[in-house]
**Student:** 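One structure, pasted below without further comment.
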Amino acid sequence: MIPAYELLLEKSRERADFIVRQLKYLTKFDIKNFDHIVADFHDEAFEEINCLDCGNCCRMQAPQWNESDIRRITKLVGLDKDKFVRESLVRDPEEGWRGACLPCPFLQADNACSVYEDRPKDCAIYPYTAERRIKKGLGRLAHNTQICPAAYLVAEKIIERFAKGLTK
Ligand code: SF4
Ligand code: SF4
């Protein structure tokens, strides 16, 4: 990860309690067009952040794999599906299959993903800031600010825009 992104994560760690508090506070309100506004923040953040200069999620956060991800990617790379599941995934009782090892074995030295076009859906939507019903995901966003510099930028934009001046 380039030093500028490390600095962002350092700031995020310093402000972790504040970020958690503010995002939790926002869950008490129904903000008009919140999903769309946050999706715009997501686009702005990724104009600043290049995942190929980072790769941190692929090092620190094992993605969820659904059945279709497993079928598609094992076929693509010519692996036996059952062997892959046995050796490379773990079953979470609540969330289903997750990668068993970090960094992800598909991550390459240049931070590119070797199965990028076919990567698991969970990887494609990470850090989930362009998703619908974002209000329900604010706790998860707070967590991801510790991993993803783009998530941190989105969280700061949300806090700057909304957390001040709201009263219950
Ligand atoms: S499959 Fe690709 S995008 Fe997903 S964690 Fe692995 S390297 Fe990253
Ligand atoms: S999604 Fe976030 S953590 Fe993952 S590579 Fe991109 S900037 Fe880094």
Side-chain angles (χ1 to χ4, degrees), residues 1-16 19-20 23 35 37-92 94-132 134 137-160:
M1 187 194 297
I2 62 171
Y5 298 173
E6 278 170 11
L7 271 179
L8 285 174
L9 290 186
E10 208 177 297
K11 252 198 209 167
S12 173
R13 278 191 289 275
E14 282 165 11
R15 288 165 64 76
I19 290 170
V20 168
L23 292 182
D35 288 350
I37 294 164
V38 176
D40 285 345
F41 292 161
H42 167 102
D43 291 344
E44 287 167 22
F46 279 100
E47 275 167 24
E48 270 185 61
I49 301 283
N50 178 359
C51 289
L52 291 175
D53 288 331
C54 178
N56 209 34
C57 51
C58 311
R59 290 193 178 81
M60 296 189 59
Q61 174 107 351
Q64 286 181 13
W65 287 68
N66 62 34
E67 292 297 331
S68 150
D69 298 328
I70 295 169
R71 255 197 321 276
R72 184 176 69 254
I73 295 171
T74 51
K75 188 171 171 204
L76 177 78
V77 298
L79 289 174
D80 177 77
K81 182 172 158 287
D82 294 334
K83 189 168 187 283
F84 176 78
V85 168
R86 234 178 9 256
E87 295 179 358
S88 304
L89 302 181
V90 284
R91 185 90 187 163
D92 179 301
E94 281 173 20
E95 296 182 323
W97 295 108
R98 269 197 182 276
C101 40
L102 290 171
C104 173
F106 296 108
L107 181 67
Q108 303 179 122
D110 61 358
N111 290 329
C113 169
S114 63
V115 293
Y116 185 77
E117 293 300 331
D118 293 278
R119 68 200 184 285
K121 179 173 180 247
D122 194 40
C123 303
I125 63 175
Y126 187 85
Y128 318 114
T129 37
E131 293 294 283
R132 297 181 65 189
I134 193 74
L138 287 177
R140 179 172 64 178
L141 173 60
H143 168 78
N144 285 325
T145 60
Q146 303 291 302
I147 297 169
C148 172
Y152 169 62
L153 291 181
V154 172
E156 288 287 18
K157 284 170 191 284
I158 293 172
I159 290 167
E160 192 185 331

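Remember, it's a predicted structure, so these values are computed and weren't measured experimentally. Every number for a ligand or one of its atoms is a count from 1 in the order of the listing.
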**Student:** Taking the six-membered ring of Phe106, is NZ or CZ of Arg119 closer than 6.0 Å to its centre and within 45° of its axis?
**Tutor:**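 Here Arg119 fails the 6.0 Å and 45° test against Phe106.
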**Student:** For atom 6 (Fe) of ligand 2, which protein N/O/S atoms are closer than 2.8 Å?
**Tutor:**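 Protein N/O/S atoms under 2.8 Å of atom 6 (Fe) of ligand 2: Cys51 SG.
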**Student:** Heavy-atom contacts with Leu107 under 4.0 Å: which atoms of ligand 1 show up? List them by number with element.
**Tutor:**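 Ligand 1 atoms under the 4.0 Å threshold to Leu107: 7 (S).
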**Student:** Given that the side chain starts at C-beta and the backbone is N, CA, C, O, which of these parts of Pro120 lies under 4.0 Å from ligand 1, counting heavy atoms, or is it both or neither?
**Tutor:**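 For Pro120, only side-chain atoms sit under 4.0 Å from ligand 1.
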**Student:** Taking the side chain as everything from C-beta on, heavy atoms only, tell me whether Leu8 gets closer than 4.5 Å to Ile49.
**Tutor:**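 Contact flag for Leu8/Ile49 side chains = yes.
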**Student:** Taking 4.0 angstrom as the limit and counting only heavy atoms of Cys104, give me the atoms of ligand 1 inside it, by number and element.
**Tutor:**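 Every atom of ligand 1 under 4.0 Å from some heavy atom of Cys104: 1 (S), 5 (S), 6 (Fe), 7 (S).
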**Student:** For ligand 1, which atoms sit closer than 4.0 Å to a heavy atom of Cys123?
**Tutor:**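 Checking each atom against Cys123, I get 1 (S), 3 (S), 4 (Fe), 5 (S).
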**Student:** Nearest 0.5 Å, what's the CD-CD distance between Glu95 and Gln64?
**Tutor:**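 If we round to the nearest 0.5 Å, Glu95:CD and Gln64:CD are 4.5 Å apart.
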**Student:** State whether Lys11 and Glu156 are salt-bridged, where the test is any N-O pair (Lys NZ or Arg NE/NH1/NH2 against Asp/Glu carboxylate O) under 4.0 Å.
**Tutor:**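 Here Lys11 does not pair with Glu156 in a salt bridge, since their nearest N and O are not under 4.0 Å apart.
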**Student:** Can Leu141 and Tyr128 be said to form a side-chain contact (heavy atoms from CB on, under 4.5 Å), step by step?
**Tutor:** CA-CA 8 Å; Leu141 173 60; Tyr128 318 114; over 6 Å; no
**Student:** According to the side chain to side chain donor-acceptor pair (under 3.5 Å) rule, which pairs have a member within residues 43-54, sequence neighbours left out?
**Tutor:**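 Counting only pairs at least two positions apart or across chains, the side chain to side chain donor-acceptor pair (under 3.5 Å) contacts touching residues 43-54 are Glu44-Lys157.
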**Student:** Looking only at side-chain N and O atoms, does Asn111 offer a donor or acceptor that is under 3.5 Å from a partner on Arg59?
**Tutor:**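 Yes.
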**Student:** Which protein heavy atom lies closest to atom 8 (Fe) of ligand 1, and at what distance to 0.1 Å?
**Tutor:**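 Answer for atom 8 (Fe) of ligand 1: Cys58 SG, 2.4 Å.
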**Student:** Determine whether Tyr126 and Asn144 satisfy the following criterion, side-chain hydrogen bond (donor to acceptor under 3.5 Å, both in side chains), listing intermediate values before the conclusion.
**Tutor:** CA-CA 9 Å; Tyr126 187 85; Asn144 285 325; 3.0 Å; yes
**Student:** Give the residue and atom name of whichever protein heavy atom lies nearest to atom 2 (Fe) of ligand 1, and the separation in Å to one decimal.
**Tutor:**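 Going atom by atom, the protein heavy atom closest to atom 2 (Fe) of ligand 1 ends up being Cys113 SG, 2.3 Å.
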**Student:** Would you check if Thr74 and Asp80 make a side-chain contact, meaning some heavy-atom pair closer than 4.5 Å?
**Tutor:**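 The answer is no; the side chains never approach within 4.5 Å.
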